[in-house]
Amino acid sequence: MVENGIGARVRRKEDFRFLTGQGTYTDDMNRPGQAHVFLLRSPHAHARLKKIDARQALAAPGVIAVITGADLEAAGVGPLPCGWQIFNKDGTPAHEPPHPVLAVGRVRHVGDPVAAVIAETRALARDGAEKLVVDYDPLPSVTATAQAAKAGAPAVHDGAPNNVCFDWHFGDAAAVDQAFAKAAHVTTIDLYNNRLVANAIEPRAAIGEYDPAADRHTLYTASQNPHVIRLLMGAYVLKLPEAKLRVVSPDVGGGFGSKIYHYAEEALVTWAAKKVGRPVKWTADRSESFISDAQGRDHVTHAELALDKSGKFLALRVQTTANLGGYLSTFSTAIPTYLYATLLAGLYTTPAIYCGVKAVFTNTVPVDAYRGAGRPEACFVVERLVEKAAQEMGLDKTEIRRKNFVPKSAMPYQTPVALQYDSGDFITHMEAALKLADHGGAEKRRADAKKRGKLLGVGLSTYIEACGIAPSNVAGALGARAGLYESAEVRFHPTGTVTLFTGSHSHGQSHETTFAQLIAEGLGVPIENVEVVHGDTDRIAFGMGTYGSRSLPVGGSAIVKAMDKIVAKGKKIAAHMLEAAEADIEFKNGTFRVAGTDKGLSIGQIAFSAYVPHNFPLETVEPGLDETAFYDPKNFTFPNGTHICEVEVDEDTGAVQLTRFVAVDDFGRIINPMVVEGQVHGGIVQGVGQALVEDCIYDPTSGQLVTGSYMDYCMPKADLVPSFQVATNEGAPCTHNPLGVKGCGEAGTIGAGAAVINAVVDALKGFGVTHMDMPATPEKIWRAMHGKAAKAAE
Amino acid sequence: MYNFNYHRAGSVDEAVALMAKASDGRFLAGGHSLLPTMKQRLAQPTDLIDIGRIAALNGVKTESNAVVVGAATPHAEVNASAKAIPALMALAAKIGDPHVRHRGTIGGSIANSDPAADYPAALVGLGATVKTNKRTIAADDFFKGLFETALSDGEMVVSVSFPKPEAAAYMKFPQPASRFALVGVFVARTSGGVRVAVTGAGPSVFRVKAMEDALKAKFTPDAIKGITVPAKGLNSDIHGSAEYRAHLVNVMARRAVAAAA
Ligand SMILES: Cc1cc2nc3c(=O)[nH]c(=O)nc-3n(C[C@H](O)[C@H](O)[C@H](O)COP(=O)(O)OP(=O)(O)OC[C@H]3O[C@@H](n4cnc5c(N)ncnc54)[C@H](O)[C@@H]3O)c2cc1C
């Protein structure tokens with residue numbers, strides 16, 4: 001047995017650095033001679049941008065330069081690209097309007113960057129920006145998803161009639177129609193999946209630097225995937241060859257998706273550094289994050305489930321309008337399509353599914369992936385429908401699910417919406433969750449709560465998600481403008497220590513620990529002798545970054561492949577040194593041994609010999625012990641699980657208190673249970689946050705962001721949630737990657753929202769309530785209890 | 001934030017004199033309302049006169065019939081020391097978070113007169129008296145409206161004197177994001193009668209006379225069960241409509257009576 005290998009509850013190696021304030025975030029870095037940029041942003045939701053007079057700003061103390069969209073256009077700087085092409089029902093491509101780095105001619109949301117002022121300090125840059133005279137001609141705006149495509153709505157982009165970006169569909173409409181025609185029961189639901197602000201604890205920051213001697217640019221940026229930023233910014237925006245561009249993402253304080261994308265500020269500082277001949281730094285303040293970080297969700301959906309008289313699902317029909325905001329963020333188009341419609345089978349055998357998605361432009365901050373990205377939206381639709389159907393047909397919430405689950409014996413299972421589930425044992429985790437939640441005692445708890453003036457509700461949700469988008473050729477055929485593999489390099493040093501270079505990026509996921517555990521398990525090197533390097537395009541061969549719970553299933557698999565190469569080479573070296581046949585060499589727990597003998601060499605000795613090749617097979621084997629591998633997955637992985645939540649609703653005020661939350665997840669094999677629990681806890685809190693408190697609200701008339709600070713945007717706080725009970729089922733590992741892992745980063749967020757709302761609806765069943773939109777605020781609940789319909793979501 | 005001159009005053013007189021000299025001066029206490037507005041460049045005073053370290057303004061004194069709180073006393077200190085009025089201690093414990101409670105002061109809170117602040121409910125609910133460098137002002141006359149008080153330019157709150165009640169309690173329904181009061185109700189019974197003061201619901205703290213009368217007759221939650229305040233004129237925002245706030249006034253008032261009784 002190796003120490004601290006797979007399955008060990010190892011304490012995080014990175015915590016000492018973080019907890020003692022020694023992390024290095026982008027804003028902690030200061031480059032010699034650095035200047036600062038302040039971005040003047042549009043105060044209007046929609047306006048013609050007529051003229052920018054920079055004369056007074058340029059004369060202001062400390063101001064070095066003012067840059068406008070026109071300057072960038074004149075310099076040949078391109079617009080920010082969209083990374084996924086979607087096609088309309090009629091086969092024509094989606095409308096992809098240009099997304100300039102700085103606005104040109106028109107501003108399309110509050111916060112749209114209009115001009116950049118570069119000065120000696122941040123404060124002077126901001127002072128200078130106040131001296132800019134910008135001539136706006138305000139236009140009417142549209143912010144609400146359901147209003148954008150209506151006749152007469154203000155046009156956000158010329159050339160996008162009715163503000164439609166695309167009108168896409170997926171699935172077999174005819175088969176669905178047939179199934180509905182013979183259904184014994186149809187359950188319908190109309191819901192709004194509320195818009196969220198990502199709110200990473202570290203606001204975004206970027207520093208551009210140019211070295212004229214080498215003619216090389218460096219961008220330091222708080223990003224989840226530096227290689228992708230280098231690719232997109234280099235190829236599309238600044239037209240710089242990769243070799244001339246280095247992108248570094250040092251410690252990053254959370255992303256939740258919002259730091260995946262290539263943002264205007266990154267291109268701006270990179271370009272400006274050369275222009276002004278000094279490093280240029282930008283750091284968002286919190287108010288700026290609210291109006292410039294991509295936001296999440298924002299779907300308006302009508303869905304119908306057809307059932308036979310026993311409660312078996314026959315077909316599902318979904319029509320969604322997805323709000324993409326004022327411009328297309330990098331992966332915005334993929335989220336409400338391929339990461340949404342493909343998940344609508346859930347854990348069920350629903351034989352026919354059809355989903356139409358109309359994506360609309362509005363005068364709001366762009367929307368893109370936010371933890372879960374499309375999958376929480378799909379889970380919410382499915383699990384709300386299932387719950388409502390059970391209620392309408394008088395079926396128990398567990399019975400309707402048991403009846404419709406894909407059985408373990410049916411794996412691999414081909415869904416009607418493209419995905420093929422490789423593994424899963426749904427009944428087992430649901431039963432385990434019911435037990436852990438003491439579901440049998442719920443009715444007694446309901447009666448006890450009633451005595452205290454509280455209405456108890458029990459909510460159950462099951463979820464499945466698709467992680468590690470793959471394989472690249474399939475993704476490419478569906479419109480992805482990138483590959484979706486990962487790289488890893490395992491470099492032994494002469495004394496047997498290891499540096500692992502990974503293309504994944506850690507911004508809270510604990511890679512420095514779990515990836516070291518993989519090396520400990522695979523190569524027998526103690527974790528303290530493993531250094532994990534990530535986030536620097538000059539040091540790492542390539543990477544597709546971290547999002548969609550892909551780091552372990554894809555990045556981890558690449559590490560395993562690189563370790564396989566190390567072991568294969570080590571065997572050749574060991575065979576030579578031990579004077580045995582290569583076929584007779586076994587490798588286990590860090591030792592190469594001649595099978596059946598006690599003759600062996602440690603991997604450290606092999607590494608030493610590889611770098612000091614005195615006794616070495618130089619004729620057939622190269623010196624050195626350093627292997628790189630790329631791994632392109634054969635399929636997605638499919639984490640899945642059951643969440644059960646209990647709430648108590650205050651009859652007088654409508655306030656909700658969560659009293660119980662259980663999650664039993666199937667993440668395949670678990671590398672570090674403590675890290676997994678942390679991911680699940682955080683994920684659940686974000687799901688609960690959306691369900692109960694978080695809501696990004698724009699004023700329908702002015703288009704201003706009403707929830708532009710923490711005074712109005714409610715973050716989930718510790719007292720919102722109870723102590724969680726979580727468990728995993730490792731009995732159905734992934735069948736197609738070498739570790740049998742599935743990923744755990746988003747699961748909590750995907751399952752939690754539906755569980756909470758199902759619980760709230762259950763608590764209110766005595767009032768005839770059948771649905772409650774998120775967030776289920778006290779006032780909405782109070783109105784529901786008092787027979788006054790909650791205000792419909794705009 | 002724009003540049004400004006910073007002064008640290010050693011006494012009330014010095015602070016008042018510094019203020020008189022400044023072209024657009026502000027007293028700085030905990031800075032937890034003032035500094036955020038300055039950072040957002042919504043306020044740009046020329047001078048900040050820091051009164052936080054003036055010894056005479058700090059501390060909680062218990063007198064035979066009252067608790068006197070110095071204007072620069074932070075909420076945490078009130079929570080720790082106002083033992084003679086447990087309802088006041090409990091109110092202080094519900095303001096913001098630990099950082100806020102260790103920086104924010106009672107003088108800053110009432111001078112600011114945020115419609116959702118907690119202290120105004122205690123001042124009006126207990127019938128407190130505000131002492132300034134010039135005069136004393138009854139709490140009922142102190143709060144004039146949205147961010148408006150009876151203080152004249154350059155006038156400084158020195159202390160607040162809270163008469164000890166026979167029974168009192170404060171019930172707060174927090175606005176979920178800011179945790180200020182969406183509705184907070186302070187109920188106190190004294191030898192002179194009953195006071196019911198509401199914060200958060202309206203543009204400024206107000207009393208509910210009908211509840212006071214009913215409670216004077218019978219100090220039980222049921223006594224005010226049917227007494228509601230009109231929604232008209234109450235605050236209405238994304239966190240609660242006027243109608244919902246009106247409803248909460250009744251719920252919180254009943255709960256306060258139950259807790260006090
Ligand atoms: C995150 C956060 C959460 C909060 N939550 C709550 C809450 O739940 N409930 C609540 O009630 N409050 C809350 N507050 C407000 C907090 O209590 C403030 O500290 C208080 O409102 C102002 O007190 P201060 O000492 O910080 O005043 P400052 O910010 O220093 O001053 C505020 C204003 O009062 C003036 N002033 C200060 N002292 C005097 C004086 N002695 N005489 C005359 N004028 C004076 C100043 O010139 C300024 O105009 C919160 C604040 C924050 C930042």
Side-chain angles (χ1 to χ4, degrees), chain A residues 38 61 121-124 126-127 129-130 194 197 199 285-288 290 453 650-656 689 692-700 704-720 775-786 788 790-791 793-794, chain B residues 1-4 32-33 36-42 44 94 96-100 114-117 171-185 200-201 221 224-225 228 231 234-256 258:
Chain A
F38 179 81
T121 69
R122 201 173 137 78
L124 288 171
R126 191 168 175 182
D127 289 347
E130 285 183 0
N194 47 326
V197 178
N199 282 312
D285 61 24
R286 186 57 66 182
S287 308
E288 217 174 347
F290 271 96
D650 184 323
E651 279 184 279
D652 283 337
T653 64
V656 175
L692 292 180
V693 297
E694 291 189 60
D695 205 9
C696 178
I697 298 173
Y698 289 89
D699 182 87
Q704 295 292 325
L705 178 61
V706 177
T707 51
S709 84
Y710 292 136
M711 295 299 278
D712 287 303
Y713 188 91
C714 186
M715 290 295 282
K717 302 177 182 81
D719 60 2
L720 186 70
T777 60
E779 177 163 2
K780 273 191 207 162
I781 292 175
W782 173 71
R783 285 183 182 279
M785 288 193 290
H786 290 73
K788 296 161 202 158
K791 259 194 274 171
E794 278 85 10
Chain B
M1 201 179 274
Y2 299 99
N3 287 338
F4 56 86
H32 269 46
S33 290
T37 55
M38 290 172 65
K39 281 190 186 170
Q40 288 179 296
R41 300 192 162 197
L42 298 172
Q44 43 176 324
K94 288 196 184 118
D97 52 47
H99 301 74
V100 173
D114 188 308
M171 281 291 154
K172 172 179 182 177
F173 190 89
Q175 191 261 54
S178 73
R179 301 273 170 116
F180 276 70
L182 190 72
V183 169
V185 180
I224 53 170
K225 194 150 192 213
T228 52
L234 295 190
N235 301 335
S236 189
D237 57 30
I238 58 167
H239 303 290
S241 65
E243 211 182 352
Y244 181 57
R245 279 179 157 98
H247 167 75
L248 286 179
V249 169
N250 180 274
V251 177
M252 293 297 117
R254 278 188 285 132
R255 289 185 182 178

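Every chain is numbered from 1 and lettered A, B, ... according to where its sequence line falls, protein lines coming before strand lines.
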Residues B:Arg41 and A:Glu130: closest non-hydrogen pair is NH1-OE2, 3.0 Å
So B:Lys39 and A:Asp285, side-chain contact (heavy atoms from CB on, under 4.5 Å) or not? Walk me through it.
-> CA-CA 11 Å; B:Lys39 281 190 186 170; A:Asp285 61 24; over 6 Å; no
Contacting moiety of A:Met711, where chain B heavy atoms sit under 4.5 Å = both
Contact summary for B:Pro176 and A:Cys714, nearest pair of heavy atoms = O-SG, 3.3 Å
A:Asp719 bridged to B:Arg179 by N-O distance under 4.0 Å = yes
Quick one: list whatever passes side chain to side chain contact (heavy atoms under 4.5 Å, CB included) with B:Gln175, sequence neighbours left out.
-> A:Asp712, B:Ala177, B:Ser178, B:Leu182, B:His239
Between CH2 of A:Trp782 and CD of B:Glu243, what distance do you get to the nearest 0.5 Å?
-> 5.0 Å
Locate the shortest heavy-atom distance separating A:Arg783 from B:Ser241; write the atom from each residue and the value.
-> NH2-OG, 3.1 Å
Segment of A:Asp695 engaging chain B (4.5 angstrom heavy-atom cut-off) = neither
With sequence neighbours left out, what residues match B:Asn3 under side chain to side chain contact (heavy atoms under 4.5 Å, CB included)?
-> none
Provide the closest heavy-atom pair for A:Thr653 versus B:Tyr244 in the form atom of the first, atom of the second, distance.
-> O-OH, 2.5 Å
If you tally heavy-atom pairs under 4.5 Å between each of A:Pro778, A:Ser287, A:Ala655 and chain B, the highest tally belongs to A:Pro778
Region of A:Thr707 that comes under 4.5 Å of a non-hydrogen atom in chain B = side chain
A:Asp652 to B:His247 - nearest heavy-atom pair and separation | O-NE2, 2.6 Å
